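These notes concern the structure reproduced below.
We're numbering straight along the sequence, starting at 1. What you see is a predicted model; the values in this text were computed from it and never measured.
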Amino acid sequence: MINVVMFGPPGAGKGTQAKLLSEKFGFVYVATGDMFRNHIKNETPLGKLAQFYIDKGDLVPDEVTVNMIKEEITKNPEASGIIFDGFPRTIVQAEVLDELLKDNNQKIDAVFALEVPEEVLIQRILNRGKTSGRKDDTDPRTIKRRLEKYHTATEPLKKYYDEKQVLHSIDGLQSIDEIHRLISEIIEHIQNGDGR
Ligand code: AMP
């Protein structure tokens, strides 16, 4: 069982890469943003709560996010791996995730950090907003807030995972195929037991 995190700011291409990897390796795909949007669509109490934060470009509180994801992790004991997209986004979330995995004799095996300059991110998000139907992809103020939150709350995770020697920094301006190839190669090394 391999656990992989797709890491990076909004618009970096985490979802695109995570979906390709989940198809290629048969990993379970866990995206907290999608989970929240499903709750919002189904008008659940959790959805109403999450929407309040998402519409402002803020992070949903750790406690809410962690409770939602706990079930997902234990739900798939037979999976060859899990790929996390958009989770963890804070140190607290990462620590809880480590604990949960440890309880099952597992760990995070690789974190792929997609590096993309801010002006490109904004353009990508605005482009996605033309078709995604996501309010948080169209309002420039919300986008700015999401990027700020990334820098203050999420980016410190790079150091956290680097210290655990699982961080792989990837130039996110390369083509989708090239990024997919690079990441796949690293995962294959890990599966063969011969790579960081
Ligand atoms: P995403 O689809 O990953 O861009 O997430 C959309 C929004 O959902 C984010 O801007 C946050 O408001 C919320 N969200 C998604 N994942 C998390 C998380 N791990 N922790 C807190 N909030 C999250």
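The two residues Lys56 and Thr142 have their closest heavy-atom pair at C-CG2, 3.8 Å. Residues Asp109 and Ile2 approach most closely at OD2-CA, 3.3 Å, considering heavy atoms. Contact detail for Ala94 and Pro88: the closest heavy-atom pair is N-CB, 3.5 Å. When all heavy atoms of Pro10 and Tyr150 are compared, the closest pair comes out as CD-CB, 4.2 Å. Among all heavy-atom pairs drawn from Gly15 and Tyr29, the shortest one is CA-OH, 4.0 Å. Of all non-hydrogen atoms in Gly47 and Ile40, the two that sit nearest each other are O-CG1, 3.4 Å.
Residues in residues 3-16 take part in these side-chain hydrogen bond (donor to acceptor under 3.5 Å, both in side chains) pairs, two or more places apart or across chains: Asn3-Gln106.
With a 4.5 Å cut-off on side-chain heavy atoms, Val66 and Gln93 count as touching. Residues Leu101 and Ile108 form a side-chain contact, since some pair of their non-hydrogen atoms from C-beta on lies under 4.5 Å apart. Residues Phe27 and Ile187 meet the side-chain proximity criterion, which asks for heavy atoms closer than 4.5 Å. Counting only heavy atoms from C-beta outward, the side chains of Glu72 and Met35 approach each other to under 4.5 Å. Put simply, the side chain of Phe52 does not reach to within 4.5 Å of the side chain of Val60, judged on heavy atoms. Using a 4.5 Å heavy-atom cutoff, the side chains of Phe7 and Leu114 are not in contact. In this structure the side chain of Asn67 reaches within 4.5 angstrom of the side chain of Glu63, judged on heavy atoms.
The closest side-chain donor-acceptor pair between Glu118 and His151 falls under 3.5 angstrom.
Linking Ile, Leu, Val, Met, Phe, Trp and Tyr whenever their side-chain heavy atoms come within less than 4.5 Å leaves Val96 and Leu59 in two separate clusters. Grouping the Ile, Leu, Val, Met, Phe, Trp and Tyr side chains by contacts below 4.5 angstrom, directly or via other members, places Leu97 with Met68. With hydrophobic clusters built from ILVMFWY side chains whose heavy atoms lie under 4.5 angstrom apart, Leu100 shares a cluster with Val64. When the side chains of ILVMFWY residues are joined at heavy-atom separations under 4.5 Å, either directly or via intervening members, Ile143 and Tyr53 end up in two distinct hydrophobic clusters. A chain of hydrophobic side-chain contacts below 4.5 Å, direct or via other Ile, Leu, Val, Met, Phe, Trp or Tyr residues, connects Ile190 to Ile83.
Distance CG/Leu121 to CD1/Ile125: 6.0 Å, rounded to 0.5 Å. Ile183 CD1 to Phe25 CZ: the interatomic distance, rounded to the nearest 0.5 Å, is 9.5 Å. Taken to the nearest 0.5 Å, the CZ atom of Phe87 stands 7.5 Å off from the OG1 atom of Thr65. For the atom pair CG of Asp62 and CD of Glu95, the computed distance is 10.0 Å after rounding to the nearest 0.5 Å. Taking CG of Asp85 as the reference point, atom CE of Met6 lies at 7.5 Å (rounded to 0.5 Å). Distance check: Lys41 NZ to Glu43 CD gives 11.5 Å after rounding to the nearest 0.5 Å.
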Next item on the list: Tell me, with the steps shown, if Thr90 and Thr154 meet side-chain contact (heavy atoms from CB on, under 4.5 Å).
Entry: CA-CA 5 Å; Thr90 64; Thr154 308; 5.6 Å; no
Checklist line | Residues Ile186, Phe112; criterion side-chain contact (heavy atoms from CB on, under 4.5 Å); working and verdict | finding: CA-CA 10 Å; Ile186 295 169; Phe112 298 103; 3.7 Å; yes
Next item on the list: Check the pair His39, Lys48 against side-chain contact (heavy atoms from CB on, under 4.5 Å), reporting the backbone distance first and the verdict last.
Entry: CA-CA 8 Å; His39 276 282; Lys48 287 203 180 86; over 6 Å; no
Checklist line | CA sep, side-chain torsions, deciding dist, call: Leu21, Ser184, side-chain contact (heavy atoms from CB on, under 4.5 Å) | finding: CA-CA 7 Å; Leu21 288 179; Ser184 297; 3.9 Å; yes
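Between Asp98 and Lys107 there is no salt bridge, since no side-chain N of the basic residue sits under 4.0 Å from a carboxylate O of the acidic one. The pair Lys158-Glu115 meets the salt-bridge criterion, with a side-chain N (NZ, NE, NH1 or NH2) lying under 4.0 Å from an Asp/Glu carboxylate O. Using a cut-off of 4.0 Å between Lys/Arg side-chain N and Asp/Glu carboxylate O, Asp162 and Lys159 are scored as not salt-bridged. With salt bridges taken as basic N to acidic carboxylate O contacts below 4.0 Å, one links Glu148 and Lys144.
More than 12 heavy-atom neighbours from other residues, nucleotides or ligands sit within 6.0 angstrom of CG on Leu173.
Checking each of Val30, Val28, Thr32 against Phe84 for a side-chain contact (heavy atoms from CB on, under 4.5 Å) leaves exactly one that passes, namely Val30. Shown are Lys130, Arg146, Arg124; of these, the salt bridge (Lys or Arg N to Asp or Glu O under 4.0 Å) with Asp137 is made only by Arg146.
Between the side chain of Gln17 and the backbone N or O of Ile176 there is at least one donor-acceptor pair closer than 3.5 Å. A donor-acceptor pair under 3.5 Å is formed between the side chain of Gln174 and the backbone N or O of Asp171. Asp139 places a side-chain N or O within 3.5 Å of a backbone atom of Arg141 that can act as its donor or acceptor partner.
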